[in-house]
Amino acid sequence: MSARHDVCVVGSSNLDLVATAAVLPGPGETVMGRDYAEHPGGKGLNQAVAAARAGARTVFVSAVGDDTAGTGLLAVMHGDGIDTSCVATRAGVPTGRALIGVGDSGENSIIVVPGANATVEVDELPAARVVLAQLEVPLGTVHRAFELARAAGATTVLNPAPAQTLPTELLALCDIVVPNEHEVELLGGVDALFALGARAVVVTEGSRGATLHRGGAGNGAGVHIAPFAVSPVDTTGAGDTFCGSLCARLAAGDDLVDALRWAAAAAALSTTRAGAVPSIPLAAEVDAFVTAAG
Ligand code: RIB
């Protein structure tokens, strides 16, 4: 299909309020933190930035509030060359916020307060080869976006995060599903997704890499996508970097396995830096990293 954009991302935009601590607190616990920082984030924005930095012409469907956080996030989108014509600014509504704790081993815990993300809606979808969504905006919006994407002949990719059960009507509109191990269990397993029509399921496994399962008989255990060795300082946004990079490479015509290897490299690199959006690498960095890794 011919499309003005390579990738359309439908999703959230957040200001991330990040505290680091040696160990993350458990329920009922208080721990002393070390540093505090604010970064652009949100699963949708992270994925849109990852697609753009991977070289895709990217359009974003999202919403921010009419506050300084919203103005700042729009500036980030423009800085990365993302088409913001479908990013709404909602009067009197706060921009989404994420309260994030990051521990010394790079792991995180996140509470998202949706704000303007709860108002994201889709009437028309910009033409794109690949349409990518996650679940920090209303489910009805994701459903409508995928209906429109399917009608236009685009490939639909769902990252079902944050984890939740989903209506089969929505899952039946997904060409490729990219869950983590917990999310795929909640969705009933890989075979359930194939029964609903998915062409491929990519289960992300953190530092162990990812496994690609393809629909059809005889595909056995799937293809393991090996991890790239790095020393992580902050894993926030690594899954988003993986999804956005994957879609950019698919839109560019890569085979699924090649696209996944490149996305795994981008995600690994992102864990070596703090923050979500600030950690997402440019295509040239990923290319150099892949070459150096052999
Ligand atoms: O996936 C990481 C993202 O989750 C953070 O940037 C935060 O905003 C939450 O949406």
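Since the structure is predicted, the reported quantities are computational estimates derived from the model, not experimental observations. Order of listing sets the numbers, starting from 1, for every ligand and every atom in it.
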| Using heavy atoms and a threshold below 4.0 Å, how should the contact between Asn46 and ligand 1 be classified: side chain, backbone, both, or neither? |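 Answer for Asn46: side chain.
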I'd like to check which ligand 1 atoms, numbered from 1 as shown, lie under 4.0 Å from a non-hydrogen atom of [X].
X      : value
Gly41  : 6 (O), 8 (O)
Ala276 : 6 (O)
Ala98  : 7 (C), 8 (O)
Asp240 : 1 (O), 2 (C), 3 (C)

| Between Ser12 and ligand 1, is there a nitrogen or oxygen pair with a distance under 3.5 Å? | no
| query | Is Lys43 in polar range of ligand 1, meaning some N or O pair under 3.5 Å apart? | reply | yes
| query | Does atom CD of Glu124 have more than 12 heavy-atom neighbours from other groups under 6.0 Å away? | reply |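 Count not over threshold, so no.
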| Starting from atom 10 (O) of ligand 1, which protein heavy atom do you reach first, and at what distance in Å? | Glu136 OE2, 2.7 Å
| query | Which residue and non-hydrogen atom of the protein lie closest to atom 5 (C) of ligand 1, and at what distance in Å? | reply |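 Checked against all protein heavy atoms, atom 5 (C) of ligand 1 sits closest to Asp16 OD2, 3.4 Å.
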| message | Given 3.5 Å as the limit, does a donor-acceptor pair link the side chain of Asp35 with the main chain of Thr20, or not? | response |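 No, the answer is negative, given that no donor and acceptor are paired below the 3.5 Å cut-off.
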| query | Can you tell me if Glu183 uses its side chain to pair, donor with acceptor, with the backbone of Asn180 under 3.5 Å? | reply | yes
Kindly list each side-chain donor-acceptor pair under 3.5 angstrom involving residues 137-146, sequence neighbours excluded, with atom names and distances?
| from | atom 1 | to | atom 2 | distance (Å) |
| --- | --- | --- | --- | --- |
| Thr141 | OG1 | Val120 | O | 2.6 |
| Arg144 | NH1 | Glu147 | OE1 | 2.9 |

| request: Tell me yes or no: between the side chains of Thr58 and His5, is some donor less than 3.5 Å from an acceptor? | output: no
| Under-4.0 Å salt bridge between Arg34 and Asp104 | yes
| So is Gly239 close enough to ligand 1, meaning a heavy atom under 4.0 angstrom away? | no
| query | Leu187 and Leu166: side chain to side chain contact (heavy atoms under 4.5 Å, CB included), yes or no, with the steps? | reply | CA-CA 7 Å; Leu187 299 179; Leu166 289 174; 3.9 Å; yes
